[in-house]
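A quick write-up on the structure given underneath.
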Amino acid sequence: MRVRFAPSPTGQVHVGNARTALFNWLFARQQGGTFILRIEDTDLERSEARYEAQLMEDIQWLGLDWDEGPDKGGPYPPYRQSDKGQVYLDHAERLIREGKAYPCFCSQQELERQREEAQAAQQPQIYPGTCRNIPPEEAVRRRQAGESCAIRLKIPERPIRFHDIVRGWVEFSNEVVSDLIIIRSSGVAVYNYVVVVDDAEMKITHVIRGDDHLSNTPKQVALYEALDWPVPEFAHLSTILGPDRERLSKRHGATSLANFREMGVLPEALMNYMALLGWAPTGGEREVFSPTELVQEFDLTRVTPSPAVFDFEKLYWLNRHYIKESAPERVAALAEPILLRALELSEPTSEISAWLAHITAALVHSVNKLDELPERAASVLHFYPVAAIGATENQEILAAETSQTVLAAVTAKLEAEAEPLEAAHFKAILKEVQKETGIKGPALFHPVRIALTGQQSGPEFDRLVPLMEEGARLTLSKSVPAVRERLAAFMTILQTR
RNA sequence: GGCGCUAUCGUCUAGGGGUUAGGACGUGAGAUUCUCAAUCUUAAAACCCGGGUUCGAUUCCCGGUAGCGCUACCA
């Protein structure tokens with residue numbers, strides 16, 4: 001059992017393609033087959049070498065590995081199309097000799113005209129077979145005379161049917177499949193022919209790909225048959241759509257693997273989510289599958305044929321799940337560059353790294369994806385007392401008499417405290433203030449929270465206080481005030497107002 | 001235009017000739033919390049339409065509609 005993922009290196013790997021790669025990989029891994037990476041760089045204008053490297057990096061990040069590919073070779077090289085050369089021409093000449101293909105001398109302008117005519121008459125646009133009946137000797141003579149020609153395959157005069165694992169039997173009338181060009185007059189082979197040759201030479205047994213290739217399949221089947229090669233099994237995966245039910249694309253925001261990685265989506269979360277797009281286990285009740293479990297449970301025959309809308313919310317739900325499951329060190333390592341960027345730091349000291357790890361550990365449970373961390377940590381990282389005092393939503397709380405009492409009491413008690421302040425100690429102070437003033441609950445906590453963070457909501461003080469104290473001891477591009485400093489500054493501004 | 005594919009809660013899906021049509025995300029409500037998040041409990045929410053077949057169709061068949069794809073000397 002051999003399957004392949006054959007992307008063209010024309011940019012970042014998109015989720016649609018990644019899902020195709022994933023299904024191929026899952027199928028291979030679970031059947032004990034071979035997963036092959038082949039670079040389809042026929043379109044040299046759009047292909048770039050750097051994209052090829054990025055492509056491999058991206059799918060490795062997702063957690064896929066391949067057994068044969070351009071980087072590691074294998075028994076059926078080359079694994080990069082542009083390295084292939086002559087083969088396509090040789091097989092095409094063989095087809096001509098066997099009477100299964102023929103040179104076509106029609107000019108492109110002529111073909112274009114015919115197509116326009118057919119379109120205007122609302123007729124199917126198929127090649128009328130003008131050159132199909134040119135006697136072979138005459139064709140040979142004209143070619144030798146240097147007349148420019150393309151090579152066309154003869155499509156048999158019978159319906160073409162093939163089996164698809166996700167859709168069952170599919171049949172196309174030969175009346176709608178025209179004799180296709182396999183070699184351009186420039187001598188360059190055409191995609192639909194190239195894939196067949198490549199897949200056959202690599203002994204691919206199962207072609208798992210996007211359903212945009214479904215209508216191409218009869219042509220390819222005709223090619224396999226003409227070349228006397230075994231027709232592989234097909235599995236056409238449905239399209240992934242955006243919320244507007246149009247094909248998912250960059251228009252819909254972050255849709256490439258690189259995007260997801262930058263956002264701080266864990267690869268196993270994305271893998272799990274993509275697997276659920278078109279596949280469900282028997283019973284359909286389980287949703288959470290680690291990569292290993294997916295390999296065990298995945299079943300190609302249970303893949304649904306209908307298109308699926310990509311739901312970021314559900315992906316985030318899985319991401320939250322996997323973030324919580326992950327070792328804190330791993331999450332901290334992934335979050336560090338994101339936080340460093342927000343702090344405008346490049347080279348962290350080990351103290352800063354430790355602090356960032358603490359921030360991450362304290363806040364990560366409330367985040368969909370890691371890039372939300374800086375925003376979530378803003379109450380620690382920044383301190384804008386003037387803005388906090390001026391903010392309309394804070395007026396009511398700050399104006400309350402109880403708030404004035406609480407803030408004055410807390411500030412006074414903090415004055416007497418040694419630095420650094422322990423979280424437990426801060427809590428004890430609040431407790432004392434509560435006892436002495438009789439103010440408790442929201443009336444106690446809210447003004448203090450606003451004084452420290454400028455906001456009415458955020459992490460609990462037990463988490464917040466140590467992060468502020470730790471940050472205050474570090475040398476940063478923009479310093480983080482300690483708890484006492486914050487309260488003192490806040491009070492000063494509040495009183496002078 | 002032709003051809004092909006698809007159609008169950010808003011979304012991903014399970015199911016299948018007779019079911020209270022199941023689960024998950026999201027949403028609403030409640031509990032908890034100083035607040036947000038998390039968590040727990042709970043609620044609302046679906047078989048595209050029309051014909052057949054059948055005692056009975058959401059399920060099988062046909063047609064319609066809609067969405068998507070292919071229709072190239074693009075990949």
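Scope of the values below: all heavy atoms of this structure, side chains included, with no hydrogens, waters or symmetry mates. The structure displayed is predicted, hence computed values, not measured ones.
- For B/rC73, the base has no donor-acceptor partner in the side chain of A/S186 [N/O atoms by modelled type, under 3.5 angstrom].
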Note to self: Treating primed atoms plus P, OP1 and OP2 as sugar-phosphate and everything else as base, which nucleotides of nucleotides 7-12 of chain B get B, S or - for protein heavy atoms under 4.0 Å?
What the structure shows: S---SB
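- Aromatic stacking is marked for A/F445 over B/rC34, as both cut-offs hold: 5.5 Å for the centres and 30° for the planes.
- Non-hydrogen atoms lying under 4.0 Å from RNA chain B are contributed by A/R376, all within residues 367-385 of chain A.
- Every residue two or more places apart in sequence or in another chain that forms a ring-ring contact (aromatic ring centres under 6.0 Å, His included) with A/H213 is listed here: A/Y191.
- Residue A/E460 is classed as a base contact, given a heavy-atom separation below 4.0 Å to a base.
- Looking at heavy-atom distances under 4.0 Å, A/S366 makes contact with sugar-phosphate atoms alone, never a base.
- A/H321 pairs by the side-chain contact (heavy atoms from CB on, under 4.5 Å) definition with A/V288, A/E325, not counting sequence neighbours.
- Contacts of A/N216 with the nucleic acid, taken as non-hydrogen atoms under 4.0 Å apart, include base atoms.
- Annotation: side-chain contact (heavy atoms from CB on, under 4.5 Å) contacts of A/R302 (sequence neighbours excluded): A/W279, A/T282, A/D299.
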If you look only at distance, which donor and acceptor atoms sit under 3.5 Å apart when one is on a side chain in residues 232-241 of chain A and the other is two or more places apart or in another chain?
residue: A/E233; atom: OE2; partner: A/H163; partner atom: ND1; Å: 2.6
residue: A/H236; atom: ND1; partner: A/D164; partner atom: OD2; Å: 2.6
residue: A/H236; atom: NE2; partner: A/R209; partner atom: NH1; Å: 3.1
residue: A/H236; atom: NE2; partner: A/T217; partner atom: OG1; Å: 3.2
residue: A/S238; atom: OG; partner: A/R19; partner atom: NH2; Å: 3.4
residue: A/S238; atom: OG; partner: A/S306; partner atom: O; Å: 3.0
residue: A/T239; atom: OG1; partner: A/D211; partner atom: OD1; Å: 3.0

Indicate every side-chain donor-acceptor pair of residues 437-450 of chain A with a distance under 3.5 Å to a residue at least two apart or in another chain.
residue: A/T437; atom: OG1; partner: A/V433; partner atom: O; Å: 2.7
residue: A/T437; atom: OG1; partner: A/I439; partner atom: N; Å: 3.1
residue: A/R449; atom: NH1; partner: A/P459; partner atom: O; Å: 3.1
residue: A/R449; atom: NH2; partner: A/P459; partner atom: O; Å: 2.9

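- Shown here are the salt bridge (Lys or Arg N to Asp or Glu O under 4.0 Å) partners of A/E93, two or more places apart in sequence or in another chain: A/R143.
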With a 3.5 Å cut-off and sequence neighbours excluded, list the donor-acceptor pairs that the side chains of residues 401-410 of chain A form with protein atoms.
residue: A/S403; atom: OG; partner: A/I397; partner atom: O; Å: 2.5
residue: A/Q404; atom: NE2; partner: A/L398; partner atom: O; Å: 2.9
residue: A/T405; atom: OG1; partner: A/E401; partner atom: O; Å: 2.9

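- Residues passing the side-chain contact (heavy atoms from CB on, under 4.5 Å) test with A/E246 are A/D244, A/R251, sequence neighbours excluded.
- Residues from residues 162-172 of chain A placing a heavy atom under 4.0 Å of any atom in RNA chain B, listed by number, are A/R167, A/V170, A/E171, A/F172.
- Not counting sequence neighbours, A/F383 has no partner by the ring-ring contact (aromatic ring centres under 6.0 Å, His included) test.
- Per the geometry, CD belonging to A/Q455 stands 13 Å off C1' belonging to B/rA37, to the nearest Å.
- Contact check, A/R302 against B/rG15: a side-chain N or O comes under 4.0 Å of OP1 or OP2.
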